[in-house]
Amino acid sequence: TGTGGTGTGGTSCVDVGFEPNENESGATNLGTINDCDGSGSTASGKLNGASDVDYYSFFGNDTAGCVVGPVASTTAKVRLCLFADCAGAKVSCSSGTPNTSPGGRPGCCVTAGGKVDMSLDCTGWTDSATIYMRVDQGAANVCTSYSVDYRY
């Protein structure tokens, strides 16, 4: 999210959070969580216009006794995507539509807020993976605050 600019109502649209995080390689690292549903968190930020994109990443650790199922949700009217990075990643979307990240990672997106819920299968004995979250506004040219809840 850029600094400066104005959004709706002439209010300042400055994201004081994690910047710059405009692409996958610059994604804000949110650390490691496991696939037990209590292990998740929230990421928040602001989007300054149609061209602003925010990326986050976290490492999802496949833990014995828990089930891998990356999920993210937001009530903000933004496009929200999850993309998986692991050997031989196979993704199916329980909610959201199939999509591919600019870096070629498979994933799922919703276009106007809501929940992204995907099944993930990686090659090998573990389904641990790096998950990339993308938040943007599509064509909307306004200042939008958002909060995304996520788990692995």
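Val148 places none of its side-chain heavy atoms less than 4.5 Å from the side chain of Thr42. The closest side-chain heavy-atom distance from Thr28 to Tyr55 is not below 4.5 Å.
With a 4.5 Å cut-off between side-chain heavy atoms of Ile, Leu, Val, Met, Phe, Trp and Tyr, the cluster of Phe83 takes in Tyr132.
Looking only at distances, no side-chain donor or acceptor of Thr111 sits under 3.5 Å from a matching main-chain atom of Arg79.
For the pair Gly49 and Asn141, the tightest heavy-atom approach, listed with the atom from each and the gap, is CA-OD1, 3.3 Å. The nearest pair of heavy atoms linking Val110 to Lys115 is CG1-O, 3.3 Å. Across every non-hydrogen atom of Asp54 and Tyr146, the tightest pair is OD2-OH, 2.6 Å. The two residues Ala84 and Leu120 make their nearest non-hydrogen contact at CB-CD1, 3.6 Å.
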Name every donor-acceptor pair, under 3.5 Å, that has one atom in a side chain of residues 101-108 and the other anywhere in the protein, sequence neighbours excluded.
unit_1: Ser101; atom_1: OG; unit_2: Glu24; atom_2: OE1; d: 2.9
unit_1: Ser101; atom_1: OG; unit_2: Glu24; atom_2: OE2; d: 3.3
unit_1: Ser101; atom_1: OG; unit_2: Gly103; atom_2: N; d: 3.2
unit_1: Ser101; atom_1: OG; unit_2: Gly104; atom_2: N; d: 3.3
unit_1: Ser101; atom_1: OG; unit_2: Arg105; atom_2: N; d: 3.0
unit_1: Arg105; atom_1: NE; unit_2: Asp85; atom_2: OD2; d: 3.3
unit_1: Arg105; atom_1: NH1; unit_2: Glu24; atom_2: OE1; d: 2.4
unit_1: Arg105; atom_1: NH2; unit_2: Asp85; atom_2: OD2; d: 3.4

For residues 65-76, which side-chain donor-acceptor pairs fall under 3.5 Å, sequence neighbours excluded?
unit_1: Thr74; atom_1: OG1; unit_2: Ala76; atom_2: N; d: 3.1
unit_1: Thr74; atom_1: OG1; unit_2: Ser147; atom_2: O; d: 2.8

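One distance of note links CD of Gln137 with SG of Cys143; it measures 8.0 Å at 0.5 Å rounding. Put simply, CG on Leu82 and OG on Ser57 are 12.0 Å apart, with the number rounded to the nearest 0.5 Å. A distance of 11.5 Å separates CG of Asp52 from NZ of Lys46, quoted to the nearest 0.5 Å. Rounding to the nearest 0.5 Å places CD1 of Ile131 at 12.5 Å from SG of Cys81.
A search for salt bridge (Lys or Arg N to Asp or Glu O under 4.0 Å) contacts involving Arg151 returns Asp37, not counting sequence neighbours. For Asp127, there are no salt bridge (Lys or Arg N to Asp or Glu O under 4.0 Å) partners at least two apart in sequence or on another chain. For Tyr150, the ring-ring contact (aromatic ring centres under 6.0 Å, His included) test picks out Phe58, with sequence neighbours left out.
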